[in-house]
Amino acid sequence: MSLTRPQTLRTLLSAGNELIFQLTTDGGARDDLGSFGWEIAIEREIIWTCKGPTFGQLPGSFRAESYGLLSAALFLDVYFSYYDTPSPDPQPIIKCYIDSMSLIDRVLRNLNRTYVNPSRCLASDYDLESGILFIITNLPIAISFFHVKSHQDDAVPVEALPWIVQMNVHADQLATDYLDNHAKPSSIVPFIPASGARLNINGITINRRFPQQLRLAASGPNICTHLMTRNNWTEPTFRSINWTVPSKALLTLERSTQIFIIKFAHDHLPTRRHMYRIKQAETDKCPACHHIVESAWHIFSCPRRSIWREKLLKTLHDTLSHNRTQPDLTLILLQGIRGALSNPTFQMSAANREPQFVSLVNAQNKIGWQHILKGRFSNRWLQIQQLHIRTDPDIDPTTQSSERWLKQVLNHIWTSLWDVWIIRNADLHGRDNAEQEQKRKEKLRPHVIALYATVDSLLACDKPIFDTPIRDRLKAPSREIATWIRLVTPTVKRALADAKSYLLRTNHRIEPFMTIARPDPLTRDEQVNELRPVSRLD
Ligand SMILES: [Zn+2]
């Protein structure tokens, strides 16, 4: 921090001048590092500057920006209390310029809130929000916030820009300098008293997604064990899978596709096999080919869906080329997906390959190639692609990364899987209204036939339930048939019970009319005699 003239403000305030401060803050983040910078000036005279670290794992730019504002507010607070100027007169004005509109919105929204909101403590970076709000509301002077567009010096020399923009450039330079030369990764965040509480899990301070992080910490080990048992993975195999990118790739999908992929990845799709098992389907056969049991794997490998499979492989090839994929990775991935779609236990030969691809193929063989569709890629894929990005002169490593590459690949695969699920649902439920109606009636038909089959067992007084001939009943719209089944089923059950009890009441059992054949069971000797073969008459 640059504090060359610590007395400046005190002198200016005691002189009774009307003061307007300009404050600009900025933050920067890269991977697991973060930093901030700020500058305070009166007119064109820079009085104080500061730069420093952003604490927290994978802080991100919003947290870095927030740290900048917190630091500047804390400095002013400490300055005013140290020099004992609780309510300066005349009141100075502080105009704060920030290039993050979302930070300004968040501060103003919470400053102007007229009610207490206990759930705020679950918001991301709540520790910084609470610290900023506490200090600002207790400062002896008011701060007003303004937005300034960042990086305006990209096209125009700094000196030619308005003074406020120049100050924003200075703050950006301070933050960048700290990020490049001094920033270190941090797991523990110094406690901010205004936040009231802090969550640490295994030595890491949690700043965002609190419920998810708690759930993961509490049930993560059990889920790991469950996945290893279910998929027959050893712990090294489990650890060789990249679990980070699929969860990010999931967020690039629409909500309905996300739910479908999560169900598919955990074998919870409502396939015909599953619905038949829980007695919610008439058959477990695939609605497209009609003769193979419909498992999740069969949905993608059904003989009737060869056009979809060819399209998936063709468009995936295009996506891989577009995303500058290492050529051998392209070939192996396409071969692996083709193999997994034709054989659920497909294993790829690692022979005649370079060492790095031998280890990739072996690693994915252990995980299973069908798991590629569920997003379970070995870390070797990312390592090889990252090396390719670094060494190929035609690829810009500042805009490309292996994580981004895998995200694009997963987005493509999962979008294609969702497409085939839509096709499958159309096969099952029909494509247009007429076909859907016909499928619904086909489903209801066995229920109607079963109900009509009871007519001979009913008492005469109950038989009028089935006055309408079955042919006419089946001609009605599906909704009408479904309503009739729902209403009539309990009545028929009751009528069957009545008929049975009437039968028992009005008919005598046959046993009393019969004489007992033998008074008591055979003795052992008699049993032996019974079994003895009759001697032949010679
Ligand atoms: Zn099929």
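Start at 1 and go down the list; that is how both ligands and their atoms are numbered. Only a predicted model underlies this, so the values are computations on that prediction, with no experimental measurement involved. This chain uses plain numbering: 1 for the first residue, then up along the sequence.
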Y452 ring center near W484 ring center (under 6.0 Å): yes
Taken in chain and number order and not counting sequence neighbours, the residues that satisfy side-chain contact (heavy atoms from CB on, under 4.5 Å) with T319 are N323, H412
Validation: residues 281-290 side-chain donor-acceptor distances under 3.5 Å, sequence neighbours left out:
| unit_1 | atom_1 | unit_2 | atom_2 | d |
| --- | --- | --- | --- | --- |
| T283 | OG1 | K285 | N | 3.0 |
| H290 | NE2 | P287 | O | 3.3 |

Quick check on R120: does its CZ atom have over 12 non-hydrogen neighbours (other residues, nucleotides or ligands) under 6.0 Å away? yes
Cation-aromatic face contact R63/Y67, 6.0 Å, 45 degrees: no
Listed as residue and atom, the protein N/O/S atoms under 2.8 Å from the Zn ion (ligand 1) are C286 SG, C289 SG, H298 NE2, C302 SG
Which residue pairs pass the side-chain hydrogen bond (donor to acceptor under 3.5 Å, both in side chains) test when at least one of the two sits in residues 247-260, sequence neighbours left out? K248-E403, T252-N411, R255-Q258
